[in-house]
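Chain letters run A, B, ... following the sequence lines, proteins first, then strands; residues in each count from 1.
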Amino acid sequence: MKTYISQLKDHIDGQVTVSGWLYNSRASGKLQFLIVRDGTGLCQCIVEKGSVGDELFAQLKHLGRESALTVTGTVRSDDRSVGGFELALTDAEIVCPAVDYPITPKDHGVDFLLKHRHLHLRSQRQWCIGRIRHTVIDAIRRFFNDSGFTLIDTPIFTTIVGEGEQTLFEVDYFGTPLHLAQTGQLYLESAAMSFGKVYCFGPTFRAEKSKTRRHLTEFWMVEPEVAYIDLDGLLELAENFVSSIVQRVLTEHKSELETLGADIEALKKITPPFNRLTYSQVVEILISEKCVDFMAGQLAGFNAEKTELEDQIKALEKEVAGGVKKWKQEKIAAEIAQAKARIAELEVKIENNPKHARLAAEFRWGKDLGGSDETIISLMHDKPTFVTHYPREVKAFYMKTDRANEKVVENFDLLASAGFGEIIGGSVREDDHDILLDKVNKEGYNPETYQWYLDLRKYGSVPHGGFGLGVERTVAWITGEKHIRQCIAFPRMMDKVYI
RNA sequence: UCCCCGAUAGCUCAAUUGGUAGAGCGAGCGGCUGUUAACCGCUAGGUCGUAGGUUCGAGUCCUACUCGGGGAGCCA
């Protein structure tokens with residue numbers, strides 16, 4: 001019976017056929033262990049000499065990694081096997097042999113793997129991330145669909161600027177310059193006046209000159225927009241939304257999270273309510289004694305870990321010098337390499353810490369929060385933190401001026417926990433026609449281009465707002481992946497597009 | 001755009017103070033009936049990123065360039 005590896009639990013002691021690829025294999029004389037993957041999981045297949053023909057036994061023994069094959073055998077439950085089940089092989093068909101597959105079970109460099117992205121997607125780690133990303137996206141859609149939102153597909157070729165002119169990708173549209181969407185928000189606002197609650201979900205393009213672990217030039221963003229909502233309503237929506245995504249991933253992908261080394265206990269704590277701070281409160285924290293102590297504590301922690309790792313390396317080197325078996329030597333060498341990599345990471349943190357501490361201490365009300373400031377706030381809390389009411393000068397023109405304090409706008413950023421930083425930016429939108437027109441002019445935008453957007457403030461304008469969540473950042477945060485380029489199948493970075 | 005680091009076998013990395021290239025993985029062959037990045041033995045595999053320079057002699061030192069990594073600014 002033809003089945004998938006994820007269904008093996010329903011076929012114990014039964015005869016099944018699985019089609020997939022050879023993930024890895026080990027041979028031991030008259031016994032072989034073939035690890036087969038089929039897209040739903042991994043399964044160890046046992047081939048004993050005599051249980052299949054001699055010719056097939058020899059063929060399997062020399063079969064290269066990632067060869068395509070179909071295997072037939074009896075399902076057994078066995079704790080020694082990956083996934084808890086194994087297949088005692090009785091027959092196999094080699095669909096297409098693979099020779100010299102370039103990606104090996106040992107370490108590879110980032111550049112090499114991205115050049116082989118089309119193959120690297122088959123790796124266990126990329127597979128786990130891809131599955132979790134799928135569930136994150138499904139959870140996003142389910143949350144909004146179940147909450148009465150209507151999906152609106154906003155255009156990718158756009159005429160208006162949402163976030164800032166420097167970050168636009170311009171395209172030649174039959175001789176007219178247009179640009180790729182940075183956001184669907186302005187279009188979404190018009191739809192909200194028809195449907196009440198709407199969201200868009202699609203790729204977003206930003207030509208930011210940012211070469212960091214948190215930036216892609218093409219990323220996926222979901223943006224809800226709601227009519228008749230205030231800032232408190234938006235915060236509540238956002239915390240319920242983010243919590244639902246995290247909890248869904250926890251229930252459906254425990255084993256993937258474990259494989260990836262994600263912090264499952266920390267994820268369990270991601271439930272409403274999140275922390276709420278105003279920008280002004282954040283400024284006070286940044287310039288406070290408490291922040292100085294916090295940064296000093298961080299630095300001491302980094303130094304202590306570094307010393308510990310250095311001692312560990314010394315001990316391991318001594319062990320090797322004392323004489324150990326060859327295979328043990330390799331294991332120790334791998335541990336040393338890992339410790340050295342961590343030390344390199346710590347050294348960067350140790351180097352940046354005083355700079356970040358100084359930036360925080362010298363922070364003055366009115367500046368936008370920098371990445372390091374966000375990280376500090378994020379590290380101080382084990383739940384995500386909302387930061388609201390930023391100075392209006394540093395924020396986008398469409399954000400609503402706080403009528404109680406005209407220096408600030410009714411916006412918020414959501415800083416994810418564990419130092420990850422921003423995953424959501426949102427705001428209540430300016431709903432007064434004249435104030436908005438004034439801001440359009442001050443930005444230097446052409447009011448004619450924004451005519452339709454201003455129109456929304458003439459015909460039944462209401463308080464409304466929304467936010468945008470970056471999918472890759474969310475996946476990176478949940479999985480503990482260091483770089484968001486691993487959280488999309490084919491990443492586009494500032495100065496490098498591989499395949 | 002700026003600052004730091006790097007480029008040696010298909011891959012990941014070593015090579016004392018400048019003295020003529022090494023290991024593991026992968027590949028090939030052989031051994032092993034419970035392996036978990038299996039293990040053990042043998043074999044093949046290199047214009048040391050490119051171009052100059054210093055030197056009796058350069059993988060190692062200097063200059064330029066190319067490519068890559070990390071960080072800063074900005075952001076989802």
Report task. Look at the side chain of Leu31(A) and decide which nucleotide, out of U1(B), G34(B), G73(B), has an atom nearest to it. Result -> G34(B)
Requested in this report: Take the protein atom CG of Leu89(A) and the nucleotide atom C1' of G34(B), then report the distance between them rounded to whole Å.
Outcome: 16 Å
**Report entry** Between P of A37(B) and OH of Tyr101(A), the distance in whole Å
**Finding:** 18 Å
Requested in this report: Please give the nucleotide sitting opposite C2(B) as a Watson-Crick or G-U wobble pair, both distances under 3.5 Å, or none.
Outcome: G71(B)
**Report entry** Glu223(A) and Thr183(A): CA distance, side-chain angles, deciding distance, side-chain hydrogen bond (donor to acceptor under 3.5 Å, both in side chains) verdict
**Finding:** CA-CA 8 Å; Glu223(A) 297 174 273; Thr183(A) 168; 2.6 Å; yes
**Report entry** Partner nucleotide, any strand, of G28(B) [Watson-Crick/G-U, under 3.5 Å]
**Finding:** C42(B)
Query raised in the report: In whole angstroms, how far is the P atom of A27(B) from the NZ atom of Lys106(A)?
Result: 13 Å
Report task. Nearest whole angstrom, please: distance from the P of C75(B) to the CD1 of Ile484(A). Result -> 15 Å
Query raised in the report: Any donor-acceptor pair under 3.5 Å between the side chain of Gln32(A) and the base of U33(B)?
Result: no
Query raised in the report: Between Pro102(A) and Gly64(A), who's closer to the 5' end of RNA chain B by nearest nucleotide?
Result: Pro102(A)
Report task. Starting at atom NZ of Lys482(A), determine the distance to atom P of G71(B), rounded to an integer number of angstrom. Result -> 10 Å
Report summary line: Of the listed C67(B), C11(B), U35(B), the closest approach to the Phe112(A) side chain comes from C11(B)
Query raised in the report: Can a salt bridge be assigned to the pair Glu66(A) and Arg37(A) using a cut-off of 4.0 Å between side-chain N and carboxylate O?
Result: yes
Requested in this report: Write down the distance between CG (Asp111(A)) and P (C11(B)), rounded to a whole number of angstrom.
Outcome: 10 Å
Report summary line: The nucleotide from G70(B), A76(B), C74(B) with an atom nearest the side chain of Ser210(A) is C74(B)
Query raised in the report: Counting only side-chain N and O atoms of Arg65(A), is one of them less than 4.0 Å from OP1 or OP2 of G26(B)?
Result: no
**Report entry** Check: Thr104(A) side chain, C25(B) base, donor-acceptor under 3.5 Å
**Finding:** no
**Report entry** ring pair (Phe, Tyr, Trp, His ring centres under 6.0 Å) between Phe143(A) and Phe241(A), worked out
**Finding:** CA-CA 7 Å; Phe143(A) 178 88; Phe241(A) 171 58; 5.2 Å; yes
Requested in this report: Specify the separation, in whole Å, of atom CD of Gln182(A) and atom C1' of C74(B).
Outcome: 13 Å
Report task. Please state how far atom NE2 in His116(A) lies from atom P in G10(B), giving the value in whole angstrom units. Result -> 12 Å
Report task. Look at the side chain of Glu48(A) against the base of G34(B) and say whether a donor-acceptor pair falls under 3.5 Å; ignore hydrogens and angles. Result -> no
**Report entry** Among U35(B), G70(B), A37(B), the nucleotide that comes nearest once only the side chain of Asp107(A) is considered
**Finding:** A37(B)
Query raised in the report: When the ring centroid of Phe201(A) is compared with that of Phe144(A), is the distance short of 6.0 Å?
Result: no
**Report entry** Lys496(A) to Tyr498(A), cation-pi by 6.0 Å centre distance and 45° axis angle
**Finding:** yes
Report task. Please determine, for the side chain of Asp100(A), which listed nucleotide (G68(B), A27(B), A76(B)) has the closest atom? Result -> A27(B)
Query raised in the report: Between G68(B), C75(B), G70(B), which nucleotide has the shortest distance from any of its atoms to the side chain of His215(A)?
Result: C75(B)
Report task. Report yes if a side-chain nitrogen or oxygen of Lys49(A) is closer than 4.0 Å to either non-bridging phosphate oxygen (OP1 or OP2) of U33(B); otherwise report no. Result -> no
**Report entry** G-U wobble or Watson-Crick pairing nucleotide for A23(B) (cut-off 3.5 Å, both distances)
**Finding:** U12(B)
Query raised in the report: In terms of ring plane angle, is the pair His116(A) and His118(A) parallel, tilted or perpendicular, where the classes change at 30° and 60°?
Result: parallel
**Report entry** Distance below 4.0 Å between Arg76(A) side-chain N/O and G34(B) OP1 or OP2
**Finding:** no
